[in-house]
Amino acid sequence: MPKKFLGLLVGALLTIVPASAGAAVSIRAEAGSPDAVLSASVTPTKGPVSGDGGAFSCSGTNTAAGALNAATGGDWSGQKFSGIDDIQVGRITSADFTTASSAPYYWSFNVNELPASAGICGTPVGDGDRVLFYKACNMATTGCYSGTILSLTAPATIAPGAATFVVEQVATTYPAPDFIPTTTRAPAAGVTVTAAGSTAVTGGDGKVTLSLPASAATTVRATRANDVPAQTQVCVNTGNDGLCGTVDKRIPTATFSIAKGQRFKKKGPRTLKGTATDSSGIKSVQLRLTERPSTRSGDCTTFDATKAKFVAQKTCGAKKGKLFPITTAGGNWSYLLPKAPGRGRYVLDALVTDNTGNKHLARVIFFVR
């Protein structure tokens, strides 16, 4: 067993406070690679779990052991502590740090940036807890995290645009003569924070501002020299865009190949074209084309797609015309009229419906003289 880890377990007979049923826990493992070996939000495995092939097992229900087992799908291993009914983690997915006392590295285990006072079996976890494993120095002095632990504060959901994050450095010491752990938190300056391709460095107050686009899941990561990185995931949304469980209330958009007020000589466009877009996808596009010889004329017609010709309207007005469905492909739509429109004033409507039921009516007026 690594000597440094053994020191953390001395006198670690804790009073275990039962965690809430079905706790939602975030768990991360940092092994020195550019990204975390493991980063997930899970509900701990219920029932017994084992990291040594079944020779020793413990309860995974609302414990750090259950969180690790759920996050890795059982892809981890370890060994039972000598004389203690708990497990010391040796491997997490592909990152294997032997548990021998002479090994250069070991997995340090923390909850909410604080050193655990028991092993993964004896440490309860509750809703919102942050479980962290990182490559710590045992006999080695390089190739491992030897600095402080970085802590990144961010709301779960934020609006697109400028977002401010706060980074702290968390350090725990064991002062003599009692060697009781003392943890301090302070703003972390000079920390590089990245998210969605945007990067900035924290100032003396530990704060940094990044510009983020809307996204259902955006990873925010903070790194500095040999400190243990911080990482969290946020949802960037407008509150009505369908992301992060919100209801999509945004209307779709539509455009026409015909310019507003465009004038054609003798014949208008036979092919009606345009686009329809929405983040949730387009469910349908309906067109409506009405014609009036002049603003003073009482003779009005509307295109009837079932008859493939213009038919008389009893009452003039674009809203009195006939809507007809058309097909779309990749957001583009087009419709070929039987013949080019003749002289007159035309109103072309496109009624677009997205996949969440939002509708938008776009309109363009053009003239043939």
Side-chain angles (χ1 to χ4, degrees), residues 160 213-216 235-369:
S215 174
C235 180
V236 187
N237 74 100
T238 61
N240 64 353
D241 52 14
L243 299 173
C244 317
T246 62
V247 178
D248 183 4
K249 296 182 180 180
R250 297 175 302 171
I251 62 172
T253 61
T255 64
F256 301 94
S257 61
I258 302 171
K260 181 180 180 180
Q262 187 170 352
R263 295 177 180 274
F264 299 88
K265 290 184 178 181
K266 295 183 180 180
K267 293 182 179 181
R270 185 181 174 191
T271 301
L272 307 176
K273 296 187 297 183
T275 63
T277 58
D278 188 85
S279 60
S280 69
I282 299 299
K283 181 179 180 180
S284 66
V285 176
Q286 294 174 285
L287 297 184
R288 179 169 56 199
L289 180 62
T290 57
E291 178 269 340
R292 192 172 186 176
S294 70
T295 56
R296 298 177 182 178
S297 173
D299 297 326
C300 304
T301 60
T302 182
F303 184 75
D304 189 329
T306 60
K307 297 180 179 179
K309 66 178 183 179
F310 281 87
V311 297
Q313 289 181 254
K314 293 182 179 180
T315 306
C316 289
K319 291 183 179 181
K320 302 295 183 178
K322 293 179 178 291
L323 283 167
F324 56 94
I326 62 171
T327 58
T328 62
N332 298 314
W333 57 264
S334 66
Y335 184 82
L336 181 65
L337 295 169
K339 62 179 182 179
R343 288 184 172 89
R345 174 184 180 272
Y346 293 86
V347 178
L348 175 60
D349 288 337
L351 179 62
V352 182
T353 304
D354 67 18
N355 284 331
T356 56
N358 298 306
K359 298 178 182 291
H360 175 59
L361 180 69
R363 172 173 292 180
V364 65
I365 299 174
F366 63 94
F367 302 87
V368 180
R369 296 296 185 231

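Only heavy atoms go into these numbers, but all of them, side chains included; no hydrogens, no water, no symmetry mates. For this chain, numbers begin at 1 and follow the sequence in order.
- Between the CZ atom in Phe367 and the CZ atom in Arg263 there is a gap of 5.0 Å [rounded to 0.5 Å].
- In this structure, Pro341 and Pro269 approach most closely via the heavy-atom pair CD-O, 3.3 Å.
- What you find for Arg343 and Arg369 is that their closest heavy atoms are NE-C, 3.4 Å.
- Residues Arg288 and Lys322 form no side-chain contact, since every pair of their non-hydrogen atoms from C-beta on lies 4.5 Å or further apart.
- Contact record, Lys359 with Ile251: O-CG2, 3.8 Å, taken as the closest heavy-atom pair.
- Annotation: Tyr335 is in aromatic contact with Phe324 [ring centroid separation under 6.0 Å].
- Counting heavy atoms from C-beta outward, Leu289 and Phe310 have side chains that approach closer than 4.5 Å.
- To the nearest 0.5 angstrom, Thr302 atom OG1 is 10.0 Å from Glu291 atom CD.
- Using a 4.5 Å heavy-atom cutoff, the side chains of Val352 and Ile282 are in contact.
- Between Lys273 and Asn332, the closest side-chain pair of non-hydrogen atoms is not below 4.5 Å.
- Here the straight-line distance linking atom CG of Leu336 with atom CD1 of Ile326 works out to 12.0 Å at 0.5 Å rounding.
- Taken to the nearest 0.5 Å, the CG atom of Leu272 stands 4.5 Å off from the CG atom of Leu337.
- Contact annotation: the side chain of Thr238 approaches that of Pro160 to within less than 4.5 Å [non-hydrogen atoms, C-beta and beyond].
- Between Phe303 and Lys309, the closest heavy-atom pair is CE1-N, 3.6 Å.
- Lys320 places none of its side-chain heavy atoms less than 4.5 Å from the side chain of Lys314.
- Arg270 contributes a side-chain N or O that, together with a main-chain N or O of Pro338, makes up a donor-acceptor pair within less than 3.5 Å.
- Closest approach of Ala318 to Asp349, counting heavy atoms only: CB-OD2, 4.0 Å.
- Atoms OG1 and NE2, on Thr353 and His360 in that order, are 11.0 Å from each other to the nearest 0.5 Å.
- Within the 4.5 Å cutoff, side-chain heavy atoms of Asp248 are placed close to those of Asp354.
- Separating the OG1 atom in Thr356 from the NZ atom in Lys283 is a distance of 10.0 Å, to the nearest 0.5 Å.
- Summarising the geometry of Trp333 relative to Thr255, their closest heavy-atom pair is CZ2-O, 3.7 Å, with the distance given to 0.1 Å.
- No side-chain heavy atom of Asn358 sits less than 4.5 Å from a side-chain heavy atom of Arg250.
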